[in-house]
Amino acid sequence: ALVHAMVEILFLCGTGKRAVVAFIGGVIREKVDAALEGISVESAIDFQKVLRIITFTSRKDAFNMLLANIPLFRSRLGAMLFLISSLLSRGLDCIQADRDDPSQPLVTAPFGHASQEIVNLLLCGEAVPNVFDGKMDLGGGMSLKGIPSDVEVGFLTLLESLNLCKVGQYLKCPKWPIWVVGSESHYTVLFALNPNVQEENELEERESKIRRAFDAQDQSGGGGFIAVEGFQQVLRDTDITFPSDKLDDLCNAGVIVWSEFWQALLQLDKRAGGMKDPTGLMGKKQFTIYHFNGIAKSVLNGSGNTGGSTPIQRPRICKLNVSVPPRWTQDEYLADVVSSSASGSKNDSVLSLAPPVQTACQHAPLVDCIRTRWPRAACSWSGDVPSIV
């Protein structure tokens, strides 16, 4: 599975046409550790002396080569070799053209953290530096590059919960329910076994369509407001008809703020393009999701804890029960609650029309990340708090 994933990523970087594999020359599979002990990589020149590359146009041939050399990619140089392979598969000229500022390092000092360009390269095949959808026109012939199209694996970040960036729909809604989660120190993975976690009901789909139309007119970099001209375009694109007095109120300030627009939509009948549903049958979503941290810094309840003062680092997976109230209900209905049926349901994604049973919800920085994908989600889990650091 690991090798298949590596092949998919490299060919993604190579636009489906090629994959370049970087490896260390003269290393015998059975003696990788011993061979690497004698290799000095104190400088790029040292590394280049032992670096070898092979270009593949056949996925089968690339797979066989990577499989035969998987001990090398599991060694201390494995991550660096795979990064170099990804960069060369894309092509260094294309890498520089993808970036907004080619003068900045791809790996940042002092801890060797991957830049967003590297993360995006591995997720979408292009080394674009931003996480929003498409390009942002700054005027004067200048623009910022974001994710160009749909992706198979998504991305969520703690930075969005701190209002330091805004992840676009391409990364938030990938083909598969798998997300890389970015924190201050490293990356973890959030995933679901049931793809239904990404499904939306009719009103949720309507809200998403309106939000996409609004964001397309938002030139503030995700600030949540648009000009009157852009607002008129949103109304045309989404078939929304406000009464003239309400339209005048929204446009009076010269800019339209998303929160005010949304409140107006909640009061506008569905037949006029709004979100007001006279039936009141607006159920919440409940599903199970899993979080994997390859180097969790502490295991409070794990059997591997020796009782010493130094936290143990080890891979850890956490199962979370998630309850997501509908986005268009009133604030008092949107309290952070978890239905008691969530943990007992055999279906990973159920729709409950009954009033929620209020039980204690739990909080951790991971929950803040989850709420960037499912706003107002309430989460609960058993055992250790899921860690993204």
Side-chain angles (χ1 to χ4, degrees), residues 12-13 15 87 90-91 93-106 108 113-175 179-182 187 207-238 240 250-251 253-262 368-369 371-373 375:
L12 177 66
C13 296
T15 64
L87 294 171
R90 175 65 176 157
D93 290 340
C94 290
I95 293 289
Q96 293 297 73
D98 290 339
R99 309 173 69 199
D100 288 338
D101 186 356
S103 66
Q104 295 299 311
L106 287 171
T108 60
H113 288 167
S115 63
Q116 192 63 45
E117 288 100 325
I118 289 177
V119 177
N120 290 344
L121 174 67
L122 301 181
L123 293 177
C124 77
E126 298 184 19
V128 293
N130 301 292
V131 292
F132 51 72
D133 294 342
K135 289 186 177 180
M136 182 181 297
D137 186 5
L138 301 180
M142 298 181 62
S143 63
L144 299 176
K145 305 182 189 76
I147 306 300
S149 60
D150 294 327
V151 296
E152 295 203 353
V153 175
F155 179 75
L156 304 175
T157 174
L158 186 63
L159 294 179
E160 181 170 4
S161 70
L162 301 174
N163 294 318
L164 296 177
C165 72
K166 183 168 180 61
V167 179
Q169 292 301 302
Y170 287 146
L171 289 176
K172 281 186 180 174
C173 304
K175 179 180 179 180
W179 295 265
V180 174
V181 178
Y187 299 95
E207 190 268 351
S208 294
K209 178 181 178 181
I210 296 172
R211 184 69 208 227
R212 283 195 298 268
F214 188 93
D215 288 346
Q217 301 296 327
D218 186 353
Q219 299 298 314
S220 66
F225 58 88
I226 59 177
V228 173
E229 295 79 6
F231 183 56
Q232 296 290 350
Q233 185 63 47
V234 171
L235 299 182
R236 289 191 292 269
D237 292 343
T238 55
I240 296 173
L250 288 170
C251 298
V255 295
I256 291 80
V257 181
W258 168 257
S259 59
E260 296 176 358
F261 177 37
W262 180 241
D368 294 329
C369 295
R371 286 175 178 167
T372 65
R373 172 59 180 86

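These numbers come from a predicted model, not from an experiment. What you see below is based on every heavy atom in this structure, not just the backbone, and it leaves out hydrogens, waters and symmetry mates.
- Here the CD atom belonging to Gln232 is positioned 11.5 Å from the CD1 atom belonging to Ile240, to the nearest 0.5 angstrom.
- With Thr108 contributing its side chain and His113 its backbone, the two residues share a donor-acceptor pair below 3.5 Å.
- Taking CG from Asp368 and CG from Leu159, the interatomic distance works out to 12.0 Å, rounded to the nearest 0.5 Å.
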Atom pairs and distances, side-chain donor-acceptor, residues 118-133, under 3.5 Å, sequence neighbours left out:
from   : atom 1 : to     : atom 2 : distance (Å)
Asn120 : OD1    : Gln116 : NE2    : 3.1
Asn120 : ND2    : Val128 : O      : 2.7
Asn120 : ND2    : Asn130 : O      : 3.0
Asn130 : ND2    : Asp100 : OD2    : 3.0
Asn130 : ND2    : Lys145 : O      : 2.8
Asp133 : OD1    : Gln169 : N      : 3.3
Asp133 : OD1    : Tyr170 : N      : 3.0
Asp133 : OD2    : Gln169 : N      : 3.0

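- Atom CG of Leu87 and atom SG of Cys94 lie 12.0 Å apart (nearest 0.5 Å).
- Taking CD1 of Ile256 as the start and CD of Glu229 as the end, the distance is 8.5 Å to the nearest 0.5 Å.
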Below 3.5 Å, can you tabulate the donor-acceptor pairs from side chains in residues 209-217 to any protein atom, sequence neighbours excluded?
from   : atom 1 : to     : atom 2 : distance (Å)
Arg211 : NE     : Asp215 : OD1    : 3.0
Arg211 : NH2    : Asp215 : OD1    : 3.3

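- Partners of Phe225 by ring pair (Phe, Tyr, Trp, His ring centres under 6.0 Å), not counting sequence neighbours: none found.
- Between Lys172 and Trp179, the closest heavy-atom pair is O-NE1, 2.9 Å.
- Within the 4.5 Å cutoff, the side chain of Val234 has heavy atoms near those of the Phe261 side chain.
- Judged by distance alone, with hydrogens and angles left aside, the side-chain atoms of Lys175 form no donor-acceptor pair with the main-chain N or O of Asp150 at under 3.5 Å.
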Check: Given the rule in the side-chain contact (heavy atoms from CB on, under 4.5 Å) test, do Asp137 and Met142 qualify, once you have shown the distances and angles that lead to the verdict?
Finding: CA-CA 6 Å; Asp137 186 5; Met142 298 181 62; over 6 Å; no
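- In this structure, Lys135 and Pro148 have side chains that are not in contact, with every pair of non-hydrogen atoms separated by 4.5 Å or more.
- The closest side-chain heavy-atom distance from Leu106 to Arg99 is below 4.5 Å.
- Using modelled atom types, one side-chain atom of Asp218 and one backbone atom of Gly224 make a donor-acceptor pair closer than 3.5 Å.
- Counting non-hydrogen atoms of neighbouring residues, nucleotides and ligands closer than 6.0 angstrom, the CG atom of Asp101 exceeds 12 such neighbours.
- A salt bridge does not link Glu117 to Arg90: none of the charged nitrogens lies less than 4.0 Å from a carboxylate oxygen.
- To the nearest 0.5 angstrom, Cys251 atom SG is 7.5 Å from Leu235 atom CG.
- No side-chain donor-acceptor contact under 3.5 Å links Glu160 to the backbone of Thr372.
- Atom CG of residue Leu12 and atom CD of residue Glu152 lie 8.0 Å apart, to the nearest 0.5 angstrom.
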